[in-house]
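Before any comments, here is the structure.
Quick note on labels: first sequence line is chain A, next is B, and so on, each numbered from 1. Since this is a predicted model, take the numbers as computed values, not measurements.
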Amino acid sequence: MGIDAIEVEKKWQRRWQHHKIYEAHVRDDAPKFYVNVAYPYPSGAMHVGHGRTYTVPDVIARFQRMKGRNVLFPMAFHVTGAPVIGIARRIAKNDPDAIRLYRDLYKVPEETLKKFSDPYEIVSYFSNEYKEVMDALGYSIDWRRRFTTVDQHYKKFIEWQFLKLRERGYVVKGEHPIRYCPSCKNPVGDHDLLAGEGASINEFVLLKFVLEGEELILPTATLRPETVFGVTNLWINDEASYVIAKVKRGSGEFERWLVSEPAAEKLKNQGYEVEVEGRVGGSDFVDRQALNVVDGRTVKILPASFVDPDFATGVVMSVPAHAPFDFAALRDLHRQGKYLNVLPIPIIEIEGYGEIPAETVVMRMGIENQNDKRLEDATTELYTAEFNKGRMKVDAMGLAGVSVKDARETVKETLLADGKAALMYEFSERPVVCRCNTPVVISVLKDQWFLDYSDEAWKDQVRACLSRMNVVPPEIFAEFKQVVEWLREWACTRRIGLGTNLPWDKEWIIEPLSDSTIYMAYYTISYKLRELRPEILEPEVFDYIFLGASLPEEKRKKLSNEELRLLDEMRREFLYWYPYDYRLSARDLVGNHLTFQLFHHVAIFPENLWPRGMVVFGMATLQGRKMSSSKGNVVLLKDAIEKYGADAVRMFLIGAAEPWQDFDWRDELVFSTRRQIERFLSFANEVIDMECAVDFRKSLKEAKREIELKSIDRWLLSKLQRHVKEVNEALENFQCRRALQHAYYEIDGDLRWYRKRTSIEREGAKWILKKLLHVWVRLLAPFIPHVCEEVWERWGFSEREGYVSLAPFPEVDETLVDKKAEAAEELIEWVCDDISEILRVINVKPQKIILYVTPEWKRRAFSKILNEVKAGKGLREVMPIVMRAEEMRLRGKEAADFVRKAVELIKDKGMEKKDFFEIDEKKLFLEEKEFFEREFSCEFKIYEAEELEGLSGDERKKLDPQGKSKAAMPTRPAIFVVA
RNA sequence: GCGGAGGUUGCCGAGCGGACAAAGGCGCUGGCUUGAGGGGUCAGUCCCGUAGGGGUUCGGGGGUUCGAAUCCCCCCCUCCGCACCA
């Protein structure tokens, strides 16, 4: 094929398209099969990692189609979201990285690139490229259903979806802290960061201590509000500057707060109204008293250098019994002889940490003072330990004996409700810097809309749905369950990005993961929906199509008969295809998309339309390194196709690993895959050109009357049936690699053995090979459809029977299964192996090889032994049973040795686990004498051990000079090599 | 930290309680094939062995079992999620 490969592939793609064979129509004469895969975000070129994601469903779709199912395999493009806007902006600014990526790697023509300052141009260009590449790979997609997520019709559908969710009470309003770049005026995701990618946002509780004698609140920030009962003093950095500010939150009253300067700024970002009154020094407050509003005690404000004014509020409450930092700082003061009357107040009990846990940890670690770096570790250790195992020792709020975990929640909620506390957010680590080099802040979005995935009733439905689904691979099931438990409120609206506006609050755009949850339903109607004007697509229209609600009379009046007819058709089509059978997506989407879509399905559709199955993909690496477009470490699919041809790319992608496993793209392996395809093609051509008088479609029985068929012939067909069975089973379970292993490599291996064993010039062999090829080409069609169509055509089937892509997939033909032929073949193989090993060890060129077939008495004993072993008996039990026989006892030790060896042999070859066939070994070896002689290039003699027994010593010596015949076993002749 | 997956012979990667020195591929070695612009084919590729045998292996350590790469426990290491992002 070589150079012509691409042309051949193009030819078939054109023909498939011309005959529209992949367009899926509602049909009542065949069971439907609906497989779909997460649609791509076309912001760049397709690489081979994407290739696998879409090749797997294509192989499955092709297989199911050949199995006679009516298959729907659609595709669309996800263009909602913000990334493409950033890309457009960077290209507009001539950002060198962006230009390099798009011009040099993705090879976007200069003219087109100029238009890329418009994000729509980018997605439109790459959606077209995606389609071209998918076509070039021969995907059997019904392209009529293609859409993008910013089409007017689709937006109407999304509006409907959100109105439904809101009706069900799943869309709620709230506040949400996000990372925000003040310079870009945008929320920033992980990939937008220069530093601080691992930083998470921690929620601090601000406890409102009140400065004695003044209406001034000291908001101490803590992650551990439950320790407020153990406060002995407050800390303030006496060298830092603070501000006094009027602070207000929402509809509350203004309060006067003392916070560090940076903190005032942060509070502003986080939705507080802040009016700074004036600056003060931290030292101004040292030694003053503050009221703990929780327990009414008054504590002193002390100076501490570890207090970072740039972290949280810059005011800290001190719990020396449970906070290593506080303990160390207090100890520093004590060492100076100061504040000796301030002593730790333990309020949490925890085994193994003594009366004052912070002291225990600080002493054990040998921490020197409050600036000791190891205090971080000490804190982590103690916080974790107390959180997991600690119990409260205070009586207030009914906390006595309550776990720290629960107490924290209680205290926080109670104090927030009483107005004695407030919330503030801080990064878990710093610095966090935007790609534009500006420090990132935390911003609290008000009036943010959330999907309330924490709703228990909703979760219950998802759990129910999940428990009935086929999840591939099954191991991933646990992960899904976990995700359902984890999921909380999901902020489902954005300020920027492409997408659909929230129908009842147009300021917001629906977030891209949220608008991609039930579009699998949309595929079923997309091509018909397009015939309607978008403006008539009000919610009741979708209620009608998807939920079967009746159409309100006034709406009905506004529609033409044609439009009403279309609505009916869509309703019918939706019900025909839904629920979908399988959805495929990448593993990293388990934590969001794949689970979200379950939530949305159960929220909107009735139970009988809930998803039935999911398949989760592994990732792709390139020569062992993670594939990444931005790092240039990718192989573009279009390049790969050009280089190796679509079939080779497909076959490699499928054979490299099972779908859910990670796979590695390696050029040399793809190349060798191409050679394998060529080998298949030349074999096919060879077989097609063979002249055989007997029609290969005749049954074995019929054929036997006309041509001679050997055991090896029946063996080949029998093995083929096993592979057919494997392929069918594997593909039903998405084990594409296993399927290909049998569909190609195992059959190929059998053919090698077959060619070695027999001449294919024989009439019987030709018949057998034609019969095999007729199955083989169909078995391979889902994997390498182009080559298979080519073979099918060359053989003349295309004209008579149409495309191989639509031919019936091979099923097991039980009449061709011949276990005895398989057993005989196995025996021959063992003999060859044994001879080879002997030859290798003694390293001589053989003149003659003699095989001694086991004597009758061994054969009789062997089948008895085999039965006993099959019944689970061990040597100890078998021995007496077998030795009971007269002929055995007469032979004494020789017989006993034989029993022992036989048991070993049986276990060694696993004979007790399969059907065993007694084979007339002498007859078999005589038949195959020529083969042995050819194989080992020397003369072969075959004797039955019994023949020797009657002979005189001399004659016997002649035939068996070394007495090897004694070693003969059933299934294992003794061998003597004459050098 | 939490949760998930995994560590197999030079490499990739099967196997997941007996047929395992362990499929297949790649790489390497050798034979055959006049075969040339990443060639075809056969064989070998843990160690020892002049007779089909034996020895040591499947991240480390311990255990269960007649028997473990496969089951259990502990440890070490790697990868992937943890959200506002496709």
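Using a 4.0 Å heavy-atom criterion, one finds that A/Thr80 contacts the sugar-phosphate atoms exclusively. Across all strands, A/Ile906 comes closer than 4.0 Å to no nucleic acid atom at all (heavy-atom distances). Within the 4.0 angstrom heavy-atom criterion, base atoms lie near A/Ile975. In this structure, A/Val844 reaches neither bases nor backbone, as no heavy-atom distance under 4.0 Å exists between it and the strands shown. Residue contacts for A/Pro473: at a heavy-atom cut-off of 4.0 Å it reaches no nucleic acid atom on any strand shown. Looking at heavy-atom distances under 4.0 Å, A/Leu839 makes no contact with the nucleic acid at all. As judged by a 4.0 angstrom heavy-atom cut-off over every strand, A/His78 is placed among residues touching the sugar-phosphate backbone only. Counting non-hydrogen atoms under 4.0 angstrom, A/Ala491 reaches a base of the nucleic acid. Contact annotation for A/Ala657: no contact, since no heavy-atom pair falls under 4.0 Å across all strands. If you check every strand for non-hydrogen atoms under 4.0 Å, A/Tyr745 touches nothing. Within 4.0 Å of A/Gln482, counting heavy atoms only, lie sugar-phosphate atoms of the nucleic acid but no base atom.
When the nucleotides B/G52, B/G38, B/A86 are ranked by their closest atom to the side chain of A/Glu511, B/A86 comes out on top. Closest approach to the A/Glu668 side chain among B/C26, B/G13, B/G4 is made by B/C26 (side chain taken as heavy atoms from C-beta onward). Nearest to the side chain of A/Ser672, among B/A86, B/G53, B/G25, sits B/G25. Comparing B/C26, B/G49, B/A86 by their nearest atom to the side chain of A/Ala82 picks out B/A86. Ranking B/A86, B/G49, B/C2 by closeness to the A/Trp486 side chain, first place goes to B/C2. For A/Val977, whose side chain is taken as the heavy atoms from C-beta onward, the closest listed nucleotide among B/A51, B/G38, B/A23 is B/A51. Closest to the A/Glu837 side chain, of the nucleotides B/C26, B/G4, B/G49, is B/G49. Comparing atom distances between the A/Arg752 side chain and each of B/A83, B/C42, B/C26 picks out B/C42 as nearest. Of the candidates B/G40, B/C11, B/A86, the closest approach to any side-chain atom of A/Arg675 belongs to B/G40. In the set B/C26, B/G53, B/G24, the nucleotide with an atom closest to the side chain of A/Gln741 is B/G24.
The C1' atoms of B/C28 and B/C80 are separated by 35 Å, rounded to the nearest whole Å. Between the C1' atoms of B/G54 and B/U70, the separation comes to 24 Å (whole Å). When the P atom is compared between B/G55 and B/A43, the two are found 28 Å apart, to the nearest whole Å. One C1' atom belongs to B/A36, the other to B/U50, and the distance between them is 42 Å to the nearest Å. When the P atom is compared between B/U8 and B/A83, the two are found 31 Å apart, to the nearest whole Å. Comparing the same atom, P, in B/U78 and in B/G27 gives a spacing of 31 Å after rounding to whole Å. Comparing the same atom, C1', in B/C46 and in B/C42 gives a spacing of 23 Å after rounding to whole Å. B/G30 and B/C20: their P atoms are spaced 30 Å apart (whole Å).
Aromatic ring orientation, A/Phe652 versus A/Trp665: perpendicular (interplanar angle above 60°, classes split at 30° and 60°). A/Phe936 and A/Phe940 have tilted rings, their planes meeting at an angle from 30° to 60° on a 0 to 90° scale. Aromatic ring pairs are classed by plane angle as parallel below 30°, tilted from 30° to 60° and perpendicular above 60°; the pair A/Phe126 and A/Tyr106 is perpendicular.
OP1 or OP2 of B/A43 lies within a sub-4.0 Å distance of a side-chain N or O belonging to A/Lys756. For the OP1/OP2 pair of B/U41 and a distance below 4.0 Å, the side-chain nitrogens and oxygens of A/Arg679 include at least one atom meeting the criterion.
In this structure, OH of A/Tyr519 is placed 12 Å from C1' of B/A86, rounded to the nearest angstrom. Here B/C26 presents its C1' atom at 11 Å from CZ of A/Phe652, a figure rounded to the nearest Å. Atom CG of A/Leu594 and atom P of B/A83 are 18 Å apart (whole Å). In this structure, A/Lys966 atom NZ and B/G52 atom C1' are separated by 19 Å, rounded to whole Å. The interatomic distance linking A/Gln735 (CD) with B/G15 (P) rounds to 9 Å, in whole Å. Between A/Phe596 atom CZ and B/A83 atom C1' there is a gap of 7 Å when expressed in whole angstrom units. Here B/G13 presents its C1' atom at 16 Å from CG of A/Leu653, a figure rounded to the nearest Å. Distance, A/Arg674 CZ to B/G39 P: 12 Å, rounded to whole Å.
The partner of B/G44 is B/C28, judged by Watson-Crick or G-U wobble contacts that both fall below 3.5 Å. B/C20 is unpaired under the criterion used here, namely a Watson-Crick or G-U wobble arrangement in which both key atom distances are under 3.5 Å. Of the nucleotides present, none pairs with B/G35 by Watson-Crick or G-U wobble criteria with both distances under 3.5 Å. Nucleotide B/U65 has no partner under the Watson-Crick or G-U criteria, as no pair reaches both atom distances under 3.5 Å. Pairing of B/U50, defined by two Watson-Crick or G-U wobble distances under 3.5 Å, is not identified with any nucleotide. Pairing of B/C82, defined by two Watson-Crick or G-U wobble distances under 3.5 Å, is identified with B/G1.
Heavy-atom nearest nucleotides on RNA chain B were determined for A/Phe976 and for A/Thr493, and the one closer to the 5' end corresponds to A/Phe976. For the pair A/Gln661 and A/Met619, both in contact range of RNA chain B, the more 5′-proximal nearest nucleotide belongs to A/Gln661.
Of the inter-residue distances, the one linking A/Phe932 atom CZ with A/Ile942 atom CD1 reads 7.0 Å to the nearest 0.5 angstrom.
Residues A/Glu489 and A/Ser454 have side chains that bring a donor and an acceptor to within less than 3.5 angstrom of each other. No side-chain N or O of A/Tyr154 forms a donor-acceptor pair with one of A/Asp515 less than 3.5 Å apart. One side chain, A/His78 or A/Ser516, offers a donor N or O that lies under 3.5 Å from an acceptor on the other.
Few gaps surround CD on A/Glu686; more than 12 heavy atoms of other groups in view lie less than 6.0 Å from it.
Judged by atom type and distance alone, A/Arg972 does not reach the base of B/A51 through any side-chain donor-acceptor pair under 3.5 Å.
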Practice task
Mind running ring-ring contact (aromatic ring centres under 6.0 Å, His included) on A/Tyr170 and A/Phe599 for me, showing each step along the way?
Solution key: CA-CA 10 Å; A/Tyr170 295 142; A/Phe599 271 89; 8.5 Å; no
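The ring of A/Tyr744 has its center no closer than 6.0 angstrom to the ring center of A/Phe783.
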